[in-house]
Amino acid sequence: MDRIVYVNGDYVPESEARVSVFDRGFLFADAVYEVTSVLDGKLIDFAGHARRLQRSLGELEMPAPVDEETLLQIHRELVVRNGIEDGLIYLQVTRGAADRDFAYPEDATPTLVLFTQAKPGMADSPASRKGARVISIPDIRWGRRDIKTVQLLYPSMGKMMAKKAGCDDAWMVEDGAVTEGTSNNAYIVKGRKIFTRNLSHDILHGITRAAVLRLAREAQMEVEERTFTIDEAKAADEAFTTSASAFVMPVVEIDGVQLGDGTPGPIARRLREVYLDESRKTAI
Ligand code: PDD
């Protein structure tokens, strides 16, 4: 496979793409990213991802490498050049290359990289029909999880801890309360009411989360945004996660405790359906 990727203004085969060894994304994880899904060759919630990117850049005093319209064109061009029907577009902006120094360089040019990942049939994955089994792990990440930085080592370790335990993913817990999954926002359902952690610096402000909560409320489902404990989660009727890469993913087991009958719950299944329908309709 030799995808066409985008690097600083050029579309090149992935084998020819280059970033400096002095790039601060590489040396300091001084970089932010976005992942946008593609269904039927169209982008899901591009505007939401572009808005969050601006926010992440702003929080780190990093200049935007290109404007939103250009960003949209690059996304579309990559979808076409790589023939993506269903899949993901990964975007990363770093502060750029400069001699190694902890202080931000004054005149670095930001690095902009985008690439695609084809995921045929991702809207109807076997994993989503089965539901995920998760373990809980302590959340030892930094205190600005609302900024979508590429510091993903701990989430990556969490995923491996889950795999070694024979599970699919990990939910992170701080002071007894669930923050989020390794790469998704976490929800539980109790007595038909949906609970998910309120927005703060503690979690990423998921773009899928915003859409799913809006759709749930429009469907007259009850939603409460508050912290919930891992014990509440284990006693829940059902649970699920949301992300651009897995949409709405039912969770059927937490730390070996089966939720309900151990199959995806009705609310998670319904929200997945509604979210996918709406996303296809509003994709650009
Ligand atoms: N991850 N929380 C964390 C820690 C995440 O990494 C993500 C997304 C989310 C969900 O955000 P959104 O709905 O905007 O995708 C929540 C992406 C998909 C990733 O790292 O691949």
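Just follow the structure's listing: the first ligand is 1, and inside any ligand the first atom is 1. We count residues from 1, following the sequence as given.
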Problem - Check ion pair E225-R209 (N to O, under 4.0 angstrom) - result: yes
Practice task
Flag H205 as yes when one of its N or O atoms lies below 3.5 Å from any N or O atom of ligand 1, and as no otherwise.
Solution key: no
Report, in ascending order of atom number, the atoms of ligand 1 lying under 4.0 Å from any heavy atom of [X].
X	answer
A244	12 (P), 13 (O), 15 (O)
S245	18 (C)
V35	19 (C), 21 (O)
E180	2 (N), 3 (C), 4 (C), 16 (C)
T242	10 (C)

Handout entry: Nearest neighbour in protein (non-hydrogen) for atom 11 (O) of ligand 1
Key = G206 CA, 3.5 Å
Handout entry: Heavy-atom nearest option to atom 9 (C) of ligand 1, drawn from T179, T208, V212, L204
Key = L204
Return yes when [X] approaches ligand 1 closer than 4.0 angstrom through a heavy atom, no otherwise.
X	result
Y90	no
R52	yes
K148	yes
L88	no

Handout entry: Verdict with reasoning, Y6 to L78, per side chain to side chain contact (heavy atoms under 4.5 Å, CB included)
Key = CA-CA 8 Å; Y6 175 94; L78 282 179; 4.1 Å; yes
Completion exercise
Counting heavy atoms under 4.0 Å, the part of T182 that contacts ligand 1 is backbone
Exercise for the section: Could you check if a side-chain atom of Y187 sits within less than 4.5 angstrom of a side-chain atom of V251, using non-hydrogen atoms only? Expected result: no
Practice task
For the residue pair R24 and P105, establish whether any side-chain heavy-atom pair is separated by less than 4.5 Å.
Solution key: yes
Completion exercise
One should read off an interatomic distance between R76 CZ and F46 CZ, to the nearest 0.5 angstrom, of 8.5 Å
Problem - Atom pair OG1/CD1 of T242 and I207 - distance to nearest 0.5 Å - result: 10.0 Å
Exercise for the section: Check the side chains of D231 and T229 for a donor-acceptor pair under 3.5 angstrom, ignoring hydrogens and angles. Expected result: no
